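A quick write-up on the structure given underneath.
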Amino acid sequence: MSTSNVYAIVIPIYNRLQVTKEGLKYIMAAVANYTRSSSRPAAIEVIVVDDGSTDGSKEWIGLHYPQIRILVGTGDLWWTGSVNMGISYALNRFQNLKGIILQNDDVALDPDWLIKYIGDIEMHPGALIGCATSTLESKDRILYGGRQMHPWFAREKKINHLQHRDNLSKDYTTPSFDLYGRGLYIPKAAFEEVGLFDQQRFKHRGDMDIPLRAKKKGYKLLVSYGAIVYELPQFAYNLDGKQRLTLKEAYTLLTDFRSSYSLKHIYFYSLIATRNAIHFIPFFAGNLYFHVRNVCWRVCKNYLLSSPL
C-alpha cells in the first residue's frame, strides 16, 4: 500500500440517479484536478454508499467510475447510517488515513474545490472544517458561511449571510458554532475520541452531531470560504425552505425526522450542544422557541397575508 496520506470522500446516495450523475461529475472532476495539481498529492479515495437504490445507481457508477468504491446498504440506513458505513470502511481499510470528507450528491463544485479544501485542512491540522455554500443562481453571494449561537438561549446569527464573495479572501476561514455535512472534513483522531455519528438519535440530519461532540473535546470548528460548495435547493427536503406552510405541512415539518425543524431533532441537538442540565434547559427552550416561531410565521404568511383571489 502507498505511504501517501489518504483522504476519503464519503458520499451517501439513494434512488436519484440523475442527481447522482451530476454530483459525481463535479466531485470526480475536482478529485482529478487535485491529483494533477502536485507531484506529491495525498491519495484520494472516493466511497459511495448506496443504501439499496433500485434505479441502477450502483451499476451506472461501476461502469462510469470504476475507481469509486461502492458499498451497498439495506435500504434503511438513511443519511447517518450510510455515512457511518462509509466511515467505518475507510477507518478499517486505509492505514494512512488522515481524515474523512463528507459530501452530498446534490451539489455543484468548482474544479479547484478539493485543492483549496485540502489546503485549508493542512493549514489547520486537527480542526473539523466545513464548506461555505452558495447557489449556482447567485454564485457571487454567500448563502451559508457558518453561524454563531447564543451559548445559553440558542439565538442564531448567520455569519456573512448574503455577503459578496469578492469581499472575502479566498483563503478565509471562520470559527462556527456547528458545521453542516455538505462538505465536512473530520480528522481520523476525532473519530477515535468521539466515535461515529449517533444514528439512534439522528437517523437523518445527523451531520452536526460529531462536530458538536468533538468541540467539547477541544477540537476547533471552522468554515472554509475557498472550498465553496454550490447548493441545489430543489433537491433538499422541500418543506424546510418553503416560505408559506399549511397547518398540515407545519405539523409534518415539526414531526418528520427528515426535517431540521423536527421536535426530536431540536431536543437531541440541544442535548449535544450543551454540557449539563442547567445549560440544557434554557438552550433547548430558546432553540424550540425560535424554530416554532419560524414555522408559525410561515403558517401566518400562508393564511393571513395571502392576496385575495
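Only heavy atoms go into these numbers, but all of them, side chains included; no hydrogens, no water, no symmetry mates. Keep in mind it's a predicted model, so treat the numbers as computed, not measured.
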Taking 4.0 angstrom as the limit, do [X] and [Y] come out as a salt bridge?
{"X": "Asp209", "Y": "Arg213", "result": "yes"}
{"X": "Glu156", "Y": "Arg147", "result": "yes"}
{"X": "Arg16", "Y": "Asp106", "result": "yes"}

Please tell me whether Ile44 and Val10 are part of a single hydrophobic cluster in this structure, the criterion being side-chain heavy atoms less than 4.5 Å apart. no
Joint cluster assignment, Leu232 & Ile13, ILVMFWY side-chain distance < 4.5 Å: no
Do we get Lys264 above Phe257's six-membered ring, with its NZ or CZ under 6.0 Å from the centre and within 45° of the axis? no
Tyr185 ring centre to Lys98 NZ or CZ under 6.0 Å, with the angle to the axis within 45°? no
Is a side-chain donor or acceptor of Arg205 paired with a backbone partner of Arg258 at a separation under 3.5 angstrom? yes
Give a yes or no answer on whether the side chain of Thr133 reaches the backbone of Tyr144 with a donor-acceptor pair at less than 3.5 Å. yes
Could you please spell out the steps behind the side chain to side chain donor-acceptor pair (under 3.5 Å) verdict for Asn302 and Arg298? CA-CA 6 Å; Asn302 185 56; Arg298 286 190 271 169; over 6 Å; no
Does the ring centre of Tyr267 sit less than 6.0 Å away from the ring centre of Phe280? yes
Would you please indicate yes or no on a ring centroid separation below 6.0 angstrom for Trp79 and Phe197? yes
Identify, with sequence neighbours excluded, every residue that meets ring-ring contact (aromatic ring centres under 6.0 Å, His included) alongside Trp152. His279
Should the heavy atoms of other residues, nucleotides or ligands under 6.0 Å from CD of Gln67 be counted, would the total exceed 12? yes
In chain order, what residues pass the side-chain contact (heavy atoms from CB on, under 4.5 Å) check against His124, with sequence neighbours excluded? Ala127, Ile129, Thr173, Leu222
Output, in order, the C-alpha distance, side-chain angles, deciding distance and verdict of ring-ring contact (aromatic ring centres under 6.0 Å, His included) for His265 and Phe202. CA-CA 7 Å; His265 181 273; Phe202 301 100; 5.8 Å; yes
